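Values in this document were obtained by computation on a predicted structure and should not be read as measured data. First the proteins, then the strands, lettered A, B, ... as listed; each starts at 1.
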Protein chains: 2
Amino acid sequence: MNRAAPARPAAPDDTGATRLKLLESAGEVFSRKGFRDATIREICGLAGANIASVNYHFRDKHGLYTEVLRYADRCAVHIEASEPVAGDARRRLRQFIKAYIAAMLDVGRPSWHGRLIAREMMEPSPALDAIVAQIIRPRSRVLSDLVEELLGPAATERRVIRCKFSIIGQCLAYHSGRHIHKRLHPGFELSSKAADEIADHIADFSLAAIDALRAGHKPARRAARGRPGS
Amino acid sequence: MNRAAPARPAAPDDTGATRLKLLESAGEVFSRKGFRDATIREICGLAGANIASVNYHFRDKHGLYTEVLRYADRCAVHIEASEPVAGDARRRLRQFIKAYIAAMLDVGRPSWHGRLIAREMMEPSPALDAIVAQIIRPRSRVLSDLVEELLGPAATERRVIRCKFSIIGQCLAYHSGRHIHKRLHPGFELSSKAADEIADHIADFSLAAIDALRAGHKPARRAARGRPGS
DNA sequence: GATTCTTTCAAACAGACGTTTTATACTCGT
DNA sequence: ACGAGTATAAAACGTCTGTTTGAAAGAATC
């Protein structure tokens with residue numbers, strides 16, 4: 001009865017050519033087709049590895065999926081650590097949105113990390129709790145702090161959460177709704193150049209809304225009758 | 001060689017107890033698990049029908065899925081026709097968002113229509129084109145007209161599209177991100193009462209942003225340096 | 001009441017999938 | 001050189017799934 005990986009059962013190292021190629025290929029296929037639709041045969045074919053290598057290196061399909069998520073997390077940390085966090089809150093929020101949109105639209109290299117996380121958000125697997133704790137919650141905290149600072153005295157816990165979801169929702173729309181976008185507006189491609197313009201729009205849109213909420217302040221409800229600005 | 005339904009191959013009527021129960025059960029299961037993960041055996045079990053009834057009434061699994069979408073469309077039209085469209089643009093947009101959020105969060109009766117459309121948006125099946133033409137595009141047109149009217153002289157085609165996606169994205173976030181929301185903020189349930197408050201927030205947030213874009217007008221880009229309001 | 005059409009049922013089929021087995025190279029330490 | 005440990009290969013196994021079969025029950029028509 002052979003169990004798990006041969007000698008080191010839970011070693012999260014990326015050494016080993018086959019193991020690494022399996023992680024990359026699995027990330028690509030999982031992010032495109034989801035856990036169920038992705039087949040081990042296709043992953044191994046893409047990696048140029050044998051079918052049995054998944055059992056050898058990752059015990060089974062779930063083990064492979066879990067390791068892919070941890071692998072993506074490790075890569076994401078490296079990318080994130082090199083990002084600047086300078087400037088005032090407005091500029092930092094804009095930068096946050098730009099980074100998020102870039103990850104969603106996969107500009108630059110063909111990285112599947114953003115797509116995989118987005119998929120996990122929509123259809124959670126048993127590994128979602130770990131993802132929330134390790135990846136999503138820290139990033140959510142950063143955004144919460146930004147929104148809270150921008151809302152100023154108008155910041156309540158509920159309102160910060162709602163604004164945070166409004167911002168993330170706008171970003172996610174360009175990923176989860178990309179097929180609709182393509183069919184609805186064929187002229188407006190989601191290219192790398194468009195990503196920057198989209199991020200600027202979301203930043204403008206959100207900053208204006210937060211400014212208005214801060215200015216309105218008093219009326220927590222029913223603040224939409226008169227012009228919020230002048 | 002038996003092909004398709006026995007006598008009337010493409011009759012979209014809902015007569016027939018077994019056929020109707022299959023459509024309802026399939027809609028429930030498809031919306032919860034997706035096309036691939038949903039099994040015919042589970043659908044038939046839920047409907048109290050035999051396995052072979054799918055082949056008899058809908059030819060195969062894809063035929064069943066297509067008919068479920070058409071069935072949902074037929075139901076949606078009935079619901080939508082009874083909605084009021086009175087009031088000024090601001091009030092109509094708020095009403096639009098309320099209806100959208102209600103459909104997303106499935107308040108009221110346990111309808112799977114919203115979930116199914118949302119799933120189809122994320123992972124399109126070959127039937128998506130028909131859905132876009134019959135369901136999504138008309139509704140998108142309504143929202144476009146609303147946003148264009150609200151933007152006034154600041155309305156460009158690109159900006160209308162971006163604002164539209166910002167609004168829809170905020171609504172979709174509470175569906176596609178509901179698992180994250182539950183884990184990130186356990187205290188904030190997505191109940192029926194919260195749906196109204198969420199819709200009001202999205203309306204306030206979006207109306208304020210659109211007002212600011214209209215007021216800013218001139219700077220199509222880079223309008224975030226100074227306060228957009230005063 | 002016999003015939004025809006429609007609908008349901010239990011059973012099986014063929015294929016795809018995850019997983020396992022067995023055997024074969026390869027890499028060291030000694 | 002040799003054996004222990006590591007890694008890959010080909011093939012098969014058992015299971016699950018969509019689909020089909022062939023028969024039987026029910027409804028309708030003459």
Could you list the protein-to-nucleotides 25-28 of chain C atom pairs, N/O on both sides, closer than 3.5 Å?
none

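- Look at A:N55 and you won't find any side-chain N or O under 4.0 angstrom from OP1 or OP2 of C:dT19.
- Atom P of nucleotide D:dT17 and atom CD1 of B:I43 are separated by 12 Å, given to the nearest angstrom.
- Sequence neighbours left out, the pairs with a member in residues 32-51 of chain B that pass ring pair (Phe, Tyr, Trp, His ring centres under 6.0 Å) are B:F30-B:F35, B:F35-B:H62, B:F35-B:Y65.
- Paired with B:I43 under the rule side-chain contact (heavy atoms from CB on, under 4.5 Å), one option of B:V29, B:L23, B:I51 passes, and it is B:V29.
- A salt bridge links B:R32 to B:E42: one of the charged nitrogens lies within less than 4.0 Å of a carboxylate oxygen.
- Summarising the geometry, the separation between NZ on A:K21 and P on D:dA7 is reported as 14 Å, rounded to the nearest angstrom.
- Taking atom NE2 of residue A:H62 and atom C1' of nucleotide C:dC17, one finds them 14 Å apart after rounding to whole Å.
- A straight line from CZ of B:F30 to C1' of D:dT17 spans 13 Å, rounded to a whole angstrom.
- Rounding to whole angstrom units, CZ of residue B:R59 and C1' of C:dT7 are separated by 19 Å.
- Looking only at distances, no side-chain donor or acceptor of A:K98 sits under 3.5 Å from a matching main-chain atom of A:A203.
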Take B:R70 and B:E67 through the salt bridge (Lys or Arg N to Asp or Glu O under 4.0 Å) test and state the conclusion after the steps. CA-CA 5 Å; B:R70 288 160 53 99; B:E67 283 307 310; 3.4 Å; yes
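- Residues A:R115 and A:E28 are paired through a salt bridge, judged by an N-O separation under 4.0 Å between the basic side chain and the carboxylate.
- When the side chain to side chain donor-acceptor pair (under 3.5 Å) test is applied to A:R158, the partners found at least two apart in sequence or on another chain are B:E197.
- Considering only residues two or more places apart in sequence or on other chains, B:D129 meets the side chain to side chain donor-acceptor pair (under 3.5 Å) condition with A:R183.
- Applying the side chain to side chain contact (heavy atoms under 4.5 Å, CB included) test to B:Q134 and every residue at least two apart in sequence or in another chain returns B:D73, B:A130.
- Taking atom NZ of B:K61 as the reference point, atom P of D:dG18 lies 4 Å away to the nearest angstrom.
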Nucleotide by nucleotide, nucleotides 8-16 of chain C touches protein heavy atoms under 4.0 Å in the pattern (B base, S sugar-phosphate only, - none) BBB-B----
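- Atom CD of A:E42 and atom C1' of C:dC17 are 13 Å apart (whole Å).
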